[in-house]
Participant: 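Before anything else, here's the structure in question.
Since the model is a prediction, treat every value here as computed from it, not as a measurement.
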Amino acid sequence: MDELGYLPIDTEGARFLFQVIADDYEKRSLVISTNLEFSRWGTVIGVDNMAAAAFGRIGDHGRLLQFRGESYKVKNALMK
């Protein structure tokens, strides 16, 4: 999933996203990119307890890669 949090997710979308994460849990790899800290996932997903449950599944076996510095996409944007 690329750019989680770029657009808000309504309740139905949050349920769908949670189902994707829950279905993949302990079965498949899942990569999520976002510029949001975990404490703000509830504001995007719209349902704090669903965000907490999704994060619980991701955090259970997940690895966090945090990149700092200038964004490659911004640095190399065509519309400079």
Side-chain angles (χ1 to χ4, degrees):
M1 289 181 227
D2 191 24
E3 296 290 343
L4 178 69
Y6 183 71
L7 297 172
I9 301 170
D10 63 14
T11 304
E12 184 178 345
R15 288 186 185 124
F16 178 71
L17 175 60
F18 176 78
Q19 195 62 51
V20 167
I21 293 169
D23 287 349
D24 285 356
Y25 180 62
E26 296 190 335
K27 296 177 187 169
R28 291 178 206 84
S29 297
L30 179 64
V31 176
I32 300 172
S33 72
T34 183
N35 63 353
L36 296 176
E37 52 278 344
F38 296 123
S39 63
R40 293 184 49 208
W41 280 29
T43 61
V44 174
I45 295 176
V47 183
D48 284 337
N49 61 346
M50 205 176 313
F55 176 67
R57 283 165 175 76
I58 294 166
D60 187 29
H61 300 296
R63 302 289 184 264
L64 174 64
L65 300 175
Q66 187 174 16
F67 298 95
R68 297 184 187 273
E70 188 176 9
S71 164
Y72 177 84
K73 290 179 183 178
V74 171
K75 181 179 173 184
N76 295 292
L78 296 175
M79 299 182 351
K80 283 189 175 180

Participant: Please determine whether residues Y25 and M1 belong to a single hydrophobic cluster, defined as Ile, Leu, Val, Met, Phe, Trp and Tyr linked transitively by side-chain heavy-atom distances below 4.5 Å.
Facilitator: no

Participant: What about L36 and I21, same hydrophobic cluster or not, with Ile/Leu/Val/Met/Phe/Trp/Tyr joined at side-chain heavy-atom distances under 4.5 Å?
Facilitator: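 Linked, L36 and I21 end up in one cluster.
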
Participant: Quick one: side chain to side chain contact (heavy atoms under 4.5 Å, CB included) partners of Q66, sequence neighbours excluded?
Facilitator: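 Counting only residues at least two positions away or on another chain, Q66 forms a side chain to side chain contact (heavy atoms under 4.5 Å, CB included) with R68.
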
Participant: For the hydrophobic clusters of this structure (ILVMFWY residues joined by side-chain heavy atoms under 4.5 Å, transitively), does one cluster hold both I58 and L64?
Facilitator: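 In one cluster: yes.
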
Participant: How far apart are the closest heavy atoms of I9 and A14, and which atoms are they?
Facilitator: CG2-N, 3.1 Å

Participant: Mind checking the CD-CG spacing from E70 to N76? Nearest 0.5 Å is all I need.
Facilitator: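 It is 8.5 Å, given to the nearest 0.5 Å.
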
Participant: What distance do R63 atom CZ and S29 atom OG have between them, rounded to the nearest 0.5 Å?
Facilitator: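 OG of S29 is found 11.0 Å from CZ of R63.
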
Participant: Does atom CD of E26 have more than 12 heavy-atom neighbours from other groups under 6.0 Å away?
Facilitator: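 Counting neighbours around CD of E26, more than 12 heavy atoms of other residues, nucleotides or ligands fall under 6.0 Å, so yes.
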
Participant: Which atoms form the tightest heavy-atom contact between F18 and A53, and what is the distance?
Facilitator: CE1-CB, 3.6 Å

Participant: For residues L4 and T34, report the shortest heavy-atom separation together with the two atoms involved.
Facilitator: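 In terms of heavy atoms, the two residues are closest at O-OG1, 2.6 Å.
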
Participant: Could you tell me which non-hydrogen atom of R28 sits nearest to which non-hydrogen atom of D24, and how far apart they are?
Facilitator: NH1-OD1, 2.7 Å

